[in-house]
Asks: 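Shown below is the structure under consideration.
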Amino acid sequence: MPSLDVSELNIVIAVLGAFVVGYGFLSAKIKQVWYLGEALPAVIFGIILGPIAAKFLNAERWGSAEEGQQEAITLGLCRIVIGVQLVIAGFQLPAKYSAANWKEMAICLLPVMTIMWICTSLCILITIPKLSFLAALVIGSCVTCTDPILSQAVAKGPFSDKFVPRPLRELISAEAGANDGFGFPFLLLATFLIRHADLDGVNFKEGFSEGASELAHRALNLLKREEEVGRLGGGVPKAIEMWIVEGWLYIIIMSVAIGAIIGFGSMFAIKFALRRKWIDSESFLLWPMAIGLFTIGVCGMLGTDDLLACFVAGNALNWNGQYLEEAEKRHDEVNSCFDVILNFGGFMYIGTIFPWQQFQMPEVTGITVGRLFILGFLILLFRRIPAIFMMYKIMPRCVKDWKEALFMGYFGPIGIGAVFYVEHTRHLFPHTGEAGTEEEDNLTRAMIPVVYWLVLFSIIVHGLSIPALDAFYRYKGVQPITEPEPAEIRVLSETDALPNNAYHNRKRNSVIVHNRFSRPVSSAGPELARWHSNHSAHTLHSHHSHDEIDLEKLEQARLYERKMGNNGYI
């Protein structure tokens, strides 16, 4: 007999499908006209259907429906969503991008991130009571990294197609991909300084013995879970030793090595398979997804940094430029579809798990909504903008002036990457109430509401900032970026919406795109331009009335292309 099966699985699948359909109906308007992207609508939809509002989606009822499982679900979901998208972000950069721009990458990953970490931690220390400086450093490390998903939307979105120069877009994309994995050294340094603090100088909670040796013994036995957590003693030298060995040598270096092996191995394997025509389009375009899942699994088993490994793997996959070039030839829409569906699912889930009750707990944590609003605005002003302004003049190839520095500094969103870090941090400290010191208890009570609030604040503020900035640009009459040799892409459908900053060449049934992000090879010129002849490129660009394009010169350019071995694709 047919029966009504209102299970959590059926509800989640139906809700996700309904949202994708509803969003998709207006997707061109939402993205290209209103500049809202996927994150903000998905989060709002998740909040509306979550346990606080409609009570339709509740992660505590998923799986085995046991209390406490939400942490594991959140951490696993974040790993998959971020890891796969970091592989895609890595291969969409030009060939050898990290090597060609090593100075800019080093500046963004070392001094800029260090300044961001310190400034963020100071903002948290000022606004959130009951936290020590080391505890503020732990929470600050969770939100230091720019979110790789939201940053990709900024770097590759329709607004940036019109107004953000391509070198700056590529740097934002590369930095966001790499620094999400580079957040671990900051988190582990603060964690080890707390964990290995000198026991003689630690104020333990009432009921713990005063003797240092007995304290160490009880800390190990009472606070030890699956791994060593709580106060273990050893002092600063022990903390620095563990930071170097575990943080840098094992987690960072090992992750880079794993990502490089998987990425370069994939690059050579694809080159070999393409030459012999062994790989079909479906398998070729699914390759980033596959190596993303493989990398996440391997690094998860080894306990290394799967996010950094995924970005390195994606970067190495396109090290010779062949993968992106071949993907462009095959009109790759598969990986962009993965991006969208992961964004929908990930951010809708985040919307359902915000800890609303913990945003107002003055008696327990000292946190109030007013303090959180002050923290949000302080983070917006001081987390990233000062660091970029201090360093942008030594990155002139990518950041030309203070306006571009302000754009790069302001649009450093906090998103699902911060959720990943704070959920991972849960495993580095004792459960709330089980710690031997007030410092650790205050940290574990405060980090969840602070990080989740900053995620919500950033998604809303940065999500609405692009439409506001577009309105300002239109008011000031700012013109979209043009280039002497724009890219030409083939029209796949007459009903497909044109990309922003593009126009239709009806004579050739193609689309001319200015400031296009993806290009297989990076150098001084606009490599993705179809026309290698300067004269023909100038002719193509100078006629905005498409019917006046000189067909004879276009034919000359086409013949030149054939001579150079181009097959007619970008």
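Note that these values count all heavy atoms, side chains included, but never hydrogens, waters or copies made by symmetry.
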Asks: Who pairs with Thr114 by side-chain contact (heavy atoms from CB on, under 4.5 Å), at least two apart in sequence or on another chain?
Replies: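 In terms of side-chain contact (heavy atoms from CB on, under 4.5 Å), with neighbours along the sequence ignored, Thr114 is linked to Ile118, Phe186.
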
Asks: Are Trp278 and Phe272 an aromatic pair, judged by ring center distance below 6.0 Å?
Replies: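 Yes: the rings meet the under 6.0 Å criterion.
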
Asks: Taking atom types as modelled, find out whether Ser266 and Trp287 have a side-chain donor-acceptor pair closer than 3.5 angstrom.
Replies: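 On atom types as modelled, these side chains qualify, holding a pair under 3.5 Å.
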
Asks: Between Ser283 and Asp280, is any side-chain donor less than 3.5 angstrom from a side-chain acceptor?
Replies: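 Yes, a side-chain donor-acceptor pair sits under 3.5 Å.
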
Asks: Closest approach of Val451 and Cys142, non-hydrogen atoms and distance?
Replies: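 Closest heavy-atom pair between Val451 and Cys142: CG2-CB, 4.0 Å.
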
Asks: Identify which one of Phe264, Phe284, Phe268 satisfies the ring pair (Phe, Tyr, Trp, His ring centres under 6.0 Å) criterion when paired with Tyr323.
Replies: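 Filter result, single survivor: Phe284.
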
Asks: Determine whether the aromatic ring centres of residues Tyr421 and Phe184 are separated by less than 6.0 angstrom.
Replies: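 Distance test on ring centres: under 6.0 Å, yes.
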
Asks: Apply side-chain contact (heavy atoms from CB on, under 4.5 Å) to Leu302 and list each qualifying residue two or more places apart in sequence or on a separate chain.
Replies: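 Partners of Leu302 under the side-chain contact (heavy atoms from CB on, under 4.5 Å) test: Tyr250, Ile258, Val298, Thr304.
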
Asks: For Tyr410, look at atom OH and say whether over 12 heavy atoms of other residues, nucleotides or ligands are found less than 6.0 Å away.
Replies: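 Yes - once you tally the heavy atoms of other residues, nucleotides and ligands closer than 6.0 Å, there are more than 12.
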
Asks: So, Glu325 and Arg330, do they make that salt bridge, N to O below 4.0 Å?
Replies: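 Looking at Arg330 together with Glu325, the answer is no, because their closest N to O distance does not fall below 4.0 Å.
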
Asks: Got a salt bridge between Asp161 and Arg516, using NZ or NE/NH1/NH2 to carboxylate O under 4.0 Å?
Replies: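 Here Asp161 does not pair with Arg516 in a salt bridge, since their nearest N and O are not under 4.0 Å apart.
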
Asks: Would you find more than 12 non-hydrogen atoms of other residues, nucleotides or ligands less than 6.0 Å from Phe163 atom CZ?
Replies: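 Atom CZ in Phe163 is crowded, with more than 12 foreign heavy atoms closer than 6.0 Å.
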
Asks: Could you give me the CA-CA distance, side-chain angles and deciding distance for Ile240 and Phe192, then say whether side chain to side chain contact (heavy atoms under 4.5 Å, CB included) is met?
Replies: CA-CA 8 Å; Ile240 298 299; Phe192 288 143; over 6 Å; no

